[in-house]
Amino acid sequence: MKTYTKEDIIRIVSEEDVEFIRLQFTDIFGQLKNVAVTRSQMEKVLNNEIMIDGSSIEGFTRIHESDQYLRPDLNTFAILPWQPSTRKTARLICDVYNPDGTPFVGDPRYVLKKALARAEAMGYAFNVGPEMEFFLFETDEKGLPTSRTTDAAGYFDMAPIDHGGHVRREICLMLEEMGFEIEASHHEVAEGQHEIDFRYADALKAADNIVTFRMAVKTIAQMRGLHATFMPKPVFGINGSGMHTNMSLFKDGKNIFFDPNGEKQLSKEAYSFIAGVLAHVRGMAAITNPLVNSYKRLVPGYEAPCYLAWSASNRSALIRIPAARGQSTRVELRCPDPACNPYLAIAACLTAGLDGIEKGMTPPMEITENIFAMSEDERKRHGIDSLPGNLKEAIECLENDPIIVDTLGAHIYQSYVSGKKREWDEYRTRVTDWELKKYMVVY
């Protein structure tokens with residue numbers, strides 16, 4: 001990871017002919033926001049003097065307390081490679097602060113920093129590796145997205161039937177220019193569906209990478225006349241998009257999930273972390289799977305795990321332990337989707353795992369059979385519960401999980417739940433095309 005000083009950034013801005021700097025941050029739902037300033041304002045930027053109106057941002061502040069300041073994380077400085085090669089544009093990801101110099105409690109990045117501080121106090125560093133899936137769709141004559149794709153490819157297929165390969169290639173190259181280490185890219189199971197994997201990083205950088213990745217993918221697709229979406233289930237009858245989240249804890253430079261003498265070469269801490277995540281995964285579902293649409297992906301039959309179980313190899317389980325051991329030992333949570341706010345989702349995962357370690361929790365027995373093939377009675381005999389079935393149920397689970405509520409903090413919790421209840425209300429009162437086709441003629 002590169003580290004920058006103020007002097008480094010001033011020098012690079014001058015040498016690289018950077019004219020615009022985008023100061024980025026997210027609202028509570030993970031939507032990327034920014035304020036653009038010109039090079040003439042660099043001194044103010046680097047002295048944390050750029051202000052925003054927080055009352056205009058979802059979940060931030062009220063109108064009578066709206067002034068807030070952006071404090072750029074200098075190590076997130078990057079030139080945006082898809083912008084013009086002269087009078088370039090760079091970005092800095094920012095933390096949001098109050099006028100009195102205190103961190104703003106409604107800033108999702110601050111929520112993750114608090115969770116990481118708790119881990120650090122326990123002697124741990126938290127690493128995260130996301131696997132990002134997305135769809136590429138055609139646009140209509142007005143440039144608006146459709147759900148059409150001429151792509152007929154499947155898992156790992158190549159051109160010419162993989163029509164999105166050239167876009168994936170361009171995305172990978174541009175992300176590498178921004179400092180990403182791309183590990184793999186390939187066509188996914190569904191037609192029009194793609195995955196690009198980048199190297200794991202410390203949790204804060206991983207969350208920053210996710211918001212940068214989404215911005216890059218959508219921007220580059222648009223430049224090529226396509227529409228990229230991270231909507232979890234855009235098309236009925238085919239697989240949806242997930243964000244499998246690989247997690248590991250390190251202490252003194254060593255992966256503490258690995259124990260060469262442990263069962264399956266996993267440590268006691270690894271098992272307790274798994275148990276903690278399973279104990280809280282229903283409570284954090286409204287964070288990891290935040291949309292009405294998220295729960296149309298989390299159904300049996302489309303490779304999306306919806307049952308609370310773990311396994312060292314079974315991909316129908318919610319938590320999987322990939323085969324790699326040693327420093328690469330990790331816990332893979334398979335339910336999060338790429339529409340989530342990564343700062344909040346990663347903070348929730350970490351807090352849940354740490355709760356398991358602190359309380360010495362023990363996970364249930366490993367499930368090695370295909371859970372999707374089990375009957376409801378068989379799942380009950382194995383003690384396998386399921387994720388919430390819809391956003392309303394997920395909100396209720398969040399409200400009843402004080403550990404996850406505390407992770408979010410009162411400010412974000414209240415605003416988040418209020419916003420999601422409005423979303424559910426809007427959905428449940430809307431008349432859908434399915435209802436019209438099903439009932440209009442018959443009744």
Side-chain angles (χ1 to χ4, degrees), residues 1-26 30 32-37 39 41-50 52 68-83 88-97 101-104 107-120 124-130 132 174-183 198-216 219 247-250 253 341-347 350:
M1 177 179 174
K2 291 183 178 179
T3 57
Y4 293 107
T5 65
K6 292 181 181 180
E7 293 72 24
D8 290 332
I9 292 176
I10 290 170
R11 174 181 51 78
I12 295 170
V13 164
S14 176
E15 291 176 352
E16 295 290 336
D17 189 28
V18 174
E19 184 58 39
F20 293 94
I21 299 90
R22 295 189 177 275
L23 305 177
Q24 299 176 341
F25 58 100
T26 66
L32 192 60
K33 306 292 183 180
N34 86 114
V35 172
V37 299
R39 177 166 53 186
Q41 302 301 301
M42 277 307 300
E43 186 174 341
K44 290 179 66 177
V45 168
L46 297 174
N47 289 331
N48 307 319
E49 295 174 358
I50 300 297
I52 61 168
Q68 293 175 310
Y69 287 84
L70 298 180
R71 292 194 179 187
D73 181 336
L74 302 188
N75 295 331
T76 66
F77 179 83
I79 295 173
L80 302 180
W82 53 82
Q83 293 287 342
K88 298 175 184 177
T89 300
R91 74 90 198 267
L92 284 160
I93 295 176
C94 300
D95 296 305
V96 183
Y97 273 70
T102 57
F104 172 50
D107 177 11
R109 205 167 187 261
Y110 175 62
V111 170
L112 179 52
K113 283 187 167 184
K114 283 196 304 177
L116 291 171
R118 178 185 172 196
E120 187 177 357
Y124 300 138
F126 188 47
N127 290 329
V128 174
M132 302 289 290
M174 289 196 176
L175 286 171
E176 285 189 332
E177 284 189 49
M178 296 184 71
F180 279 64
E181 183 178 337
I182 303 297
E183 294 189 327
F198 42 91
R199 182 174 171 78
Y200 76 89
D202 67 85
L204 186 63
K205 182 174 174 56
D208 289 340
N209 284 344
I210 291 168
V211 296
T212 299
F213 180 87
R214 294 192 302 211
M215 172 185 66
T219 301
M247 303 173 283
S248 56
L249 283 176
F250 277 65
N341 183 324
Y343 300 104
L344 300 183
I346 292 172
L350 173 58

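Basis for what follows: all heavy atoms, side chains included, without hydrogens, waters or symmetry-related copies. For clarity, every value in this text was computed on a predicted model and none was experimentally measured.
Within the 4.5 Å cutoff, no side-chain heavy atoms of Asp107 are placed close to those of Tyr343. Leu70 has its side chain within reach of Val96: a pair of non-hydrogen atoms, C-beta onward, lies under 4.5 Å apart. Residues Glu183 and Arg199 form a side-chain contact, since some pair of their non-hydrogen atoms from C-beta on lies under 4.5 Å apart. Counting heavy atoms from C-beta outward, Met178 and Leu80 have side chains that approach closer than 4.5 Å. At least one side-chain heavy atom of Trp82 sits under 4.5 Å from a side-chain heavy atom of Met215. Within the 4.5 Å cutoff, side-chain heavy atoms of Pro72 are placed close to those of Asn48. A 4.5 Å side-chain heavy-atom check between Leu46 and Leu74 finds at least one atom pair inside the cut-off. Side-chain contact between Gln24 and Val211: absent, with no pair of heavy atoms (C-beta onward) separated by less than 4.5 Å.
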query = After noting the C-alpha distance and the side-chain angles of Ile79 and Thr89, does the key distance pass the side-chain contact (heavy atoms from CB on, under 4.5 Å) rule?
reply = CA-CA 6 Å; Ile79 295 173; Thr89 300; over 6 Å; no
message = Evaluate Ile346 against Leu204 for side-chain contact (heavy atoms from CB on, under 4.5 Å), listing each step before the verdict.
response = CA-CA 9 Å; Ile346 292 172; Leu204 186 63; over 6 Å; no
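Here CD of Gln83 is found 10.0 Å from CE of Met174. Values are rounded to the nearest 0.5 Å. Rounded to the nearest 0.5 Å, atoms NZ (Lys44) and CG (Leu23) are 11.0 Å apart. Taking CE from Met42 and CD1 from Ile10, the interatomic distance works out to 6.0 Å, rounded to the nearest 0.5 Å. Within the model, atoms CZ of Phe126 and CG of Asp202 stand 11.0 Å from one another, a figure rounded to the nearest 0.5 Å. In this structure, CZ in Phe77 is found 15.0 Å from NZ in Lys6, a value given to the nearest 0.5 Å. Atoms NZ and CZ, on Lys205 and Phe180 in that order, are 7.0 Å from each other to the nearest 0.5 Å.
Among all heavy-atom pairs drawn from Leu175 and Ala216, the shortest one is CD2-CB, 3.8 Å. When every heavy atom of Arg39 is checked against every heavy atom of Val18, the shortest pair comes out as CD-O, 3.4 Å. Counting all heavy atoms, side chain and backbone alike, Pro342 lies closest to Ala207 at CG-O, 3.8 Å. Residue Thr76 comes nearest to Arg91 through the heavy atom pair O-NE, 2.7 Å, listed as atom of the first residue, atom of the second, then distance. For the pair Ala36 and Arg22, the tightest heavy-atom approach, listed with the atom from each and the gap, is CB-NH1, 4.1 Å. Considering all non-hydrogen atoms of both residues, Ala115 and Leu350 come closest at O-CD2, 3.5 Å.
Ring geometry for Phe213 against Phe198 counts as tilted: the plane angle lies between 30° and 60°, on a 0 to 90° scale.
Side-chain atoms of Asn75 come within 3.5 Å of backbone N or O of Tyr4 as a donor-acceptor pair.
Around atom CD of Glu49, more than 12 heavy atoms belonging to other residues, nucleotides or ligands sit under 6.0 Å away. Environment of CD in Glu15: crowded, with over 12 heavy atoms of neighbouring residues, nucleotides or ligands closer than 6.0 Å.
Remark: Arg109 pairs with Asp73, Asp95, Asp208 by the salt bridge (Lys or Arg N to Asp or Glu O under 4.0 Å) rule, at least two apart or across chains.
The residue from Ile9, Ile50, Val35 that alone fulfils the side-chain contact (heavy atoms from CB on, under 4.5 Å) condition with Val45 is Ile50.
Between Thr5 and Asp8, the side chains place a donor N or O and an acceptor N or O closer than 3.5 Å (distance only, hydrogens not considered).
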